[in-house]
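Reviewing the structure listed below.
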Amino acid sequence: MSSQEKNKKSDFKNILNRKWEYFISRNLTVWHDELSLIGGVKHYPIYRLPKFYQLRIHHHNYSDFYQLKQGEGNHLYFKESLRGNFKNRAYIKFLEVLYKKQGQKLLRLSKKLADKPDLLEKFFNCYAKSTCMLGITATASKILTDDILLSLKGLSGLERQQVIVYYSGSKQLAPIQ
């Protein structure tokens, strides 16, 4: 066995021995899972965020997402970095522009694939960058929901639920859509 193969085997054991916690389940394809895992490690810096390591367990038509609890790439550091970025209104505008640009590029590439299958690698790379948007949106949603629930502490459960439903409905499609 080569030293590179030993390192890969060691890295795999190291990954499994780290502390992971369940985050969310989603109905996603295997290839989306693979590209979003790559996106979390390679592409979050484009969005001015640290690496975010995830583990996915795929079950037929859905996946369970797990996040690192500690160490480099852990979800708390990612979440706090995102929370810190949201304190700057310019960051939200930056994300909006980047989401639209990335979404448009992904659409253009997907439309060209039928005639130019050689663009598949470029499409998958763009898709991997775009998957970060899902992670950012899901984490931002969790941050906002937690903050809203904390601020509505004095209300009953039903009242809190009504306030969240009323204010969380989007008036437009998400930029990725």
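A quick note: this is a predicted structure, and the numbers were derived from the prediction, not measured.
Taking CD from Gln102 and CD from Gln104, the interatomic distance works out to 10.5 Å, rounded to the nearest 0.5 Å. A distance of 8.5 Å separates OH in Tyr47 from NZ in Lys129, rounded to the nearest 0.5 Å.
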Only pairs under 3.5 Å count here: list side-chain donor-acceptor contacts from residues 115-127, not counting sequence neighbours, and write none if there are none.
residue : atom : partner : partner atom : Å
Tyr127  : OH   : His32   : ND1          : 2.7

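Two residues are said to be in side-chain contact when any heavy atoms from C-beta on lie closer than 4.5 Å; Ile136 and Tyr99 meet this criterion.
No continuous path of hydrophobic side-chain contacts links Leu149 to Leu144 [ILVMFWY only; heavy atoms under 4.5 Å]. Linking Ile, Leu, Val, Met, Phe, Trp and Tyr whenever their side-chain heavy atoms come within less than 4.5 Å leaves Leu76 and Tyr66 in two separate clusters. Residues Phe52 and Ile143 share a hydrophobic cluster, clusters being chains of Ile/Leu/Val/Met/Phe/Trp/Tyr side chains in contact below 4.5 Å. A continuous path of hydrophobic side-chain contacts links Leu95 to Ile46 [ILVMFWY only; heavy atoms under 4.5 Å].
Within a 6.0 Å sphere centred on CD of Gln161, heavy atoms belonging to other residues, nucleotides or ligands number 12 at most.
Relative ring orientation between Phe78 and Tyr44 is described as perpendicular, the plane-to-plane angle rising above 60° on a 0-90° scale split at 30° and 60°.
By the side chain to side chain contact (heavy atoms under 4.5 Å, CB included) test, Ser81 is found to be paired with Leu49, Pro50, Tyr77, residues two or more places apart in sequence or in another chain being considered. For Leu68, the side chain to side chain contact (heavy atoms under 4.5 Å, CB included) partners are Arg18, Trp20, Tyr53, Asn74, not counting sequence neighbours. Remark: Phe94 engages Tyr91 in a ring pair (Phe, Tyr, Trp, His ring centres under 6.0 Å) (not counting sequence neighbours). With sequence neighbours excluded, the residues satisfying side-chain hydrogen bond (donor to acceptor under 3.5 Å, both in side chains) with Tyr22 are Ser25. Remark: Lys93 pairs with Glu96 by the salt bridge (charged side-chain N to carboxylate O under 4.0 Å, His left out) rule, at least two apart or across chains. A search for side-chain hydrogen bond (donor to acceptor under 3.5 Å, both in side chains) contacts involving Gln162 returns nothing, not counting sequence neighbours. Residues meeting the side-chain hydrogen bond (donor to acceptor under 3.5 Å, both in side chains) test with Glu159, sequence neighbours left out: Ser156.
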Would His75 and Phe65 count as a side chain to side chain contact (heavy atoms under 4.5 Å, CB included) if you check the C-alpha gap in whole Å, the side-chain angles of each, and the deciding distance to 0.1 Å?
CA-CA 12 Å; His75 77 283; Phe65 292 52; over 6 Å; no
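Applying the side-chain hydrogen bond (donor to acceptor under 3.5 Å, both in side chains) definition to pairs two or more places apart or across chains, those involving residues 143-153 are Arg83-Asp147, Lys142-Asp146. Note on residues 52-66: pairs passing salt bridge (charged side-chain N to carboxylate O under 4.0 Å, His left out), not counting sequence neighbours, are Asp33-Arg56.
Summarising the geometry of Lys19 relative to Gln70, their closest heavy-atom pair is CD-OE1, 3.8 Å, with the distance given to 0.1 Å. Residues Phe86 and Ala140 share a closest heavy-atom pair of CE1-CB, 3.5 Å.
Remark: side-chain polar atoms of Ser110 are paired, donor with acceptor, to backbone N or O of Leu107 under 3.5 angstrom.
If you look at Tyr62 and His59, their ring centroids are closer than 6.0 Å.
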